[in-house]
Amino acid sequence: MREVFRPLWILPLTMGAAGLLWAGVLIYLLTFDGVPFRTLGAALFFVAFFGLALWYYARSAIVVDAKGLTYRGILRTQWLPWAEIRTVDVMPGPITVYAIRASGSLCHFTSFFRHHRRLATLLVERARMAGART
């Protein structure tokens with residue numbers, strides 16, 4: 001059975017809203033004469049920052065199927081067969097980070113993903129890693 005895990009829906013929504021807000025601020029600043037370049041640059045930085053964050057959260061996904069998992073990040077898509085996955089390390093904290101260690105590669109996801117605990121458990125079960133930390 002194929003399952004898709006994505007970040008919480010609120011993340012791309014808030015990043016998009018923040019980006020639109022800063023785009024509005026930038027447009028508003030452009031209506032004035034003599035606005036310092038540093039001020040325009042700061043507004044432009046925030047437009048780019050929130051646009052990049054929106055792109056990251058909208059594109060990120062982990063697809064789990066019978067043959068392995070496909071990790072889709074902001075710039076790359078990587079497929080990992082179950083036999084290559086060695087461990088799933090859990091780094092707890094305010095935001096839990098899960099590190100998927102495979103032969104020659106590393107992927108990660110955080111507790112910002114919907115059903116992140118179920119995803120970690122599923123990865124361990126599918127890769128048959130009896131000694132993995134979940």
>> Are more than 12 heavy atoms, taken from residues, nucleotides or ligands other than Arg114, located less than 6.0 Å from that residue's CZ atom?
In response: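 Result for CZ/Arg114: enclosed.
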>> Quick check on the hydrophobic clustering: are Ile100 and Tyr56 connected, directly or via other members, by side-chain heavy-atom contacts under 4.5 Å?
In response: no
>> Please say yes or no: joined through hydrophobic side-chain contacts below 4.5 Å, possibly via intermediate residues, are Phe112 and Phe50 part of one cluster?
In response: yes
> With clusters built from Ile, Leu, Val, Met, Phe, Trp and Tyr whose side-chain heavy atoms come within less than 4.5 Å, directly or transitively, what are the remaining members of the cluster of Val97, listed by chain and number?
Replying inline: Met91
For residues 62-69, dump all side-chain donor-acceptor pairs below 3.5 Å to protein atoms at least two apart in sequence or in another chain.
unit_1, atom_1, unit_2, atom_2, d
Asp65, OD1, Lys67, N, 3.0
Asp65, OD1, Gly68, N, 3.0

> According to the ring-ring contact (aromatic ring centres under 6.0 Å, His included) rule, which pairs have a member within residues 70-96, sequence neighbours left out?
Replying inline: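 As it turns out, there is no ring-ring contact (aromatic ring centres under 6.0 Å, His included) pair with a partner in residues 70-96 once direct neighbours are skipped.
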Side chain to side chain donor-acceptor pair (under 3.5 Å) with [X]: which residues, sequence neighbours excluded?
X	answer
Arg59	Thr77
Ser105	Gln78
Arg2	none

So, taking the atom named [atom1] in [X] and the one named [atom2] in [Y], what distance separates them when rounded to the nearest 0.5 Å?
X	Y	atom1	atom2	value
Leu123	Cys107	CG	SG	10.0 Å
Arg86	Leu80	CZ	CG	10.5 Å
Thr96	Arg117	OG1	CZ	6.5 Å

>> List the residues meeting ring pair (Phe, Tyr, Trp, His ring centres under 6.0 Å) with Phe49, not counting sequence neighbours, and say none if there are none.
In response: none
> For Phe113, what residues pass the ring pair (Phe, Tyr, Trp, His ring centres under 6.0 Å) criterion, not counting sequence neighbours?
Replying inline: Phe109
Got a list of side-chain donor-acceptor pairs under 3.5 Å for residues 3-23, not counting sequence neighbours?
unit_1, atom_1, unit_2, atom_2, d
Glu3, OE1, Arg118, NH2, 3.0
Glu3, OE2, Arg118, NH2, 2.8
Arg6, NH1, Ala58, O, 3.3
Arg6, NH1, Ser60, O, 3.4
Thr14, OG1, Ile10, O, 3.0
Thr14, OG1, Leu11, O, 3.1

In a table with atom names and distances, give each donor-acceptor pair under 3.5 Å that connects a side chain of residues 25-38 to protein atoms at least two apart or in another chain.
unit_1, atom_1, unit_2, atom_2, d
Thr31, OG1, Tyr28, O, 2.5

> With sequence neighbours excluded, what pairs up with Leu75 under the side-chain contact (heavy atoms from CB on, under 4.5 Å) test?
Replying inline: Trp55
> So, for Tyr98 and His116, is the gap between ring centers shorter than 6.0 Å?
Replying inline: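 So the answer is yes for these two rings.
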